[in-house]
Enquirer: 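My questions will all concern the structure given below.
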Number of protein chains: 2
Amino acid sequence: MVTKCVNCPLARKPLFKPMSRDELAYMQRFKVGELVVDPRTSLLMEGSNSPQLYTTLRGMGLRYKTLPSGRRHVIGFVFPGDFIGLQAGVMGEMEHSVEASTSMTLCVFDRAEFWNFLKLRTDRAFDVIWLSAVEEHFLGEALATVGQRTAVEKVAWALVRFYRRGKMLHMVEHGSMPLPYKQQDLADALGLSLVHTNKTLAKLRDRQLANWSDGILSVHDVDRLAALAQDDGSEVVTRPLL
Amino acid sequence: MVTKCVNCPLARKPLFKPMSRDELAYMQRFKVGELVVDPRTSLLMEGSNSPQLYTTLRGMGLRYKTLPSGRRHVIGFVFPGDFIGLQAGVMGEMEHSVEASTSMTLCVFDRAEFWNFLKLRTDRAFDVIWLSAVEEHFLGEALATVGQRTAVEKVAWALVRFYRRGKMLHMVEHGSMPLPYKQQDLADALGLSLVHTNKTLAKLRDRQLANWSDGILSVHDVDRLAALAQDDGSEVVTRPLL
DNA sequence: CGCTAAATTGAGCCGAATCAAAAGTCGTGG
DNA sequence: CCACGACTTTTGATTCGGCTCAATTTAGCG
């Protein structure tokens, strides 16, 4: 059973800019279907040229790049509401891969149709520009993190990101949220080795700052964790949903 | 004497998508003037809210973020033709600073006017989306570099970037181009210490791979340098000019 | 129960950081 | 014209954060 845009469960989350019933109904015209994938499935491959654009409806995944040497760098983590495939849509081909970490459900939009849509609704085109700018901002933060922060700061920074994002998506209950990634994924995102990431996580656990085990992240005091992470920027901005 | 868009010296460089005389003339309507700054001048500050958008006409600069600890990370280097200020334009305020490394001349566009412009010319709005996507791509590469490459690979990677970009801008003559940055700038971009960056540059010089001294970068064999850098992607894509 | 993948833990090593100091560069003023 | 100060580049010595190697434990799962 395919979810109708009007009933989109994401639109109600605080992370997103409110959408009118009309807007949601209008989106429906471009949704050509839903894609359901199992964990560990590749959604988009580096160098591929997918004719589709997706919005994550359920589940989580990650974006990564592979170097010629075989090493992998995780560029970012995909959460519900994230828009995927814009780069391929614009640049002709993907420059990074996207893989499902959990089982995922994605809203599928037709690429060609989508461009027409943006031409008609210039306000939505601005939303896309806005999203790009936010993503750029995030990547800048990540770059500074990987480049300048120490291991503890890096891990703390990442957990704070996860937690804040989770909160805006109503995924947090009693200070805990699901975080279905492997330690290796986090290590590859922060430029740390698996072993050191593991030991750093243990350190945060010992200090009662954050506990990530069995796919559940628990944070008692986000602000204390953020302070440790040298993280000043606090609030997550509400973003448009596509 | 202000340069007229029709005579824009950048439009002829191979880096940019060809623009018709009409298009150039049209751009003129949104250019409200030129800004000339001395080296070491801050163009935009983190947290500021500039009402202007710029395109770099002459000179070079860099973008950077400062962490609460005081450490600085250089997000990227500004070359002629680069568009500056979109983030502030879209998100309300800058999340990184931009500083001039050499004396710079910038074409100034009025922000409010610019939005109207995009509404009228949807093709130009796509250009902006396209630019964002390319920038995102670059940041992804940089992230993977800082996260996964060794010191030699990092420095080689950066020099290859500079060189390729320079070539597309006709800045290279006899294998050499101006590169008016400090070693500290490169160090802060790659997440390396100044000392180690210096020693790594010396190593590349010894191996006859690249020589960057006195603000001049000389590369004998880009491909060999790129191979060392674990860099597969080769050509620089032509981009729209704003 | 054996098999495979993920998380842990310990030991030793190395790439890059830090510390320290010298040497080259350049503008400025006496 | 030279001396002075401020900055950048270079070089050497030493230290350490995080990596690699290696082995063990824990957690599903057919």
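Atom set for the values below is all heavy atoms of this structure, side chains included, hydrogens, waters and symmetry mates excluded. This is a predicted model, so every value here is computed, not measured. In the text below, chain A, chain B and the rest are named by the order of the sequence lines, each starting its count at 1.
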Enquirer: With ring-ring contact (aromatic ring centres under 6.0 Å, His included) as the criterion, how do B:Phe83 and B:Tyr54 come out once you've worked through the C-alpha distance, each side chain's angles and the decisive distance to 0.1 Å?
Expert: CA-CA 6 Å; B:Phe83 190 55; B:Tyr54 307 103; 9.2 Å; no

Enquirer: If each of A:Asp214 and A:Arg71 is mapped to the nucleotide of DNA chain D with the nearest heavy atom, which maps nearer the 5' terminus, i.e. the 5' end?
Expert: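 Upstream on the strand: A:Arg71.
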
Enquirer: Do the side chain of B:Lys199 and the base of C:dG15 come within less than 3.5 angstrom through a donor-acceptor pair of N or O atoms?
Expert: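 No, no donor-acceptor pair under 3.5 Å.
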
Enquirer: Taking A:Pro180's backbone N and O only, do any of them form a donor-acceptor pair with A:Ser101's side chain (distance below 3.5 Å, no angle check)?
Expert: no

Enquirer: To the side chain of B:Thr150, which of D:dT9, C:dA6, C:dA16 is closest?
Expert: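 Per side-chain heavy atoms of B:Thr150, the pick is C:dA16.
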
Enquirer: Assign the ring pair A:Phe162 / A:Tyr181 to parallel, tilted or perpendicular, where the plane angle (0 to 90°) is split at 30° and 60°.
Expert: parallel

Enquirer: Over how many whole Å does the gap from B:Lys203 atom NZ to D:dT11 atom C1' extend?
Expert: 13 Å

Enquirer: Only pairs at least two apart or in different chains count here, so list each salt bridge (charged side-chain N to carboxylate O under 4.0 Å, His left out) that has a residue in residues 173-186 of chain B.
Expert: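 Residue pairs passing salt bridge (charged side-chain N to carboxylate O under 4.0 Å, His left out), neighbours aside: B:Arg72-B:Asp185.
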
Enquirer: Measure from CG on B:Leu201 to C1' on D:dT8 and round the result to the nearest Å.
Expert: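 Checked: the CG to C1' distance equals 13 Å.
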
Enquirer: Any side-chain N or O of B:Asn198 under 4.0 Å from OP1/OP2 of D:dT9?
Expert: no

Enquirer: Within this structure, what is the CG-to-C1' distance between A:Leu186 and C:dA6, rounded to whole angstrom?
Expert: 14 Å

Enquirer: Output yes when at least one side-chain N/O atom of B:Gln184 is less than 4.0 Å from OP1 or OP2 of D:dT9, else no.
Expert: no

Enquirer: Would you mind telling me which residue lines up with the more 5' stretch of DNA chain D, B:Arg40 or A:Ser193, judged by nearest nucleotide?
Expert: B:Arg40

Enquirer: Any side-chain N or O of B:Arg205 less than 4.0 Å from the OP1 or OP2 oxygen of D:dT10?
Expert: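 Yes, because at least one side-chain N or O of B:Arg205 sits under 4.0 Å from OP1 or OP2 of D:dT10.
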
Enquirer: What's B:Gly215 touching, base or sugar-phosphate or nothing? Going by heavy atoms closer than 4.0 Å.
Expert: nothing

Enquirer: Verify the contact: side-chain N or O of B:Arg149 to OP1 or OP2 of C:dA16, cut-off strictly under 4.0 Å; return yes or no.
Expert: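 Answer is no, no contact under 4.0 Å.
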
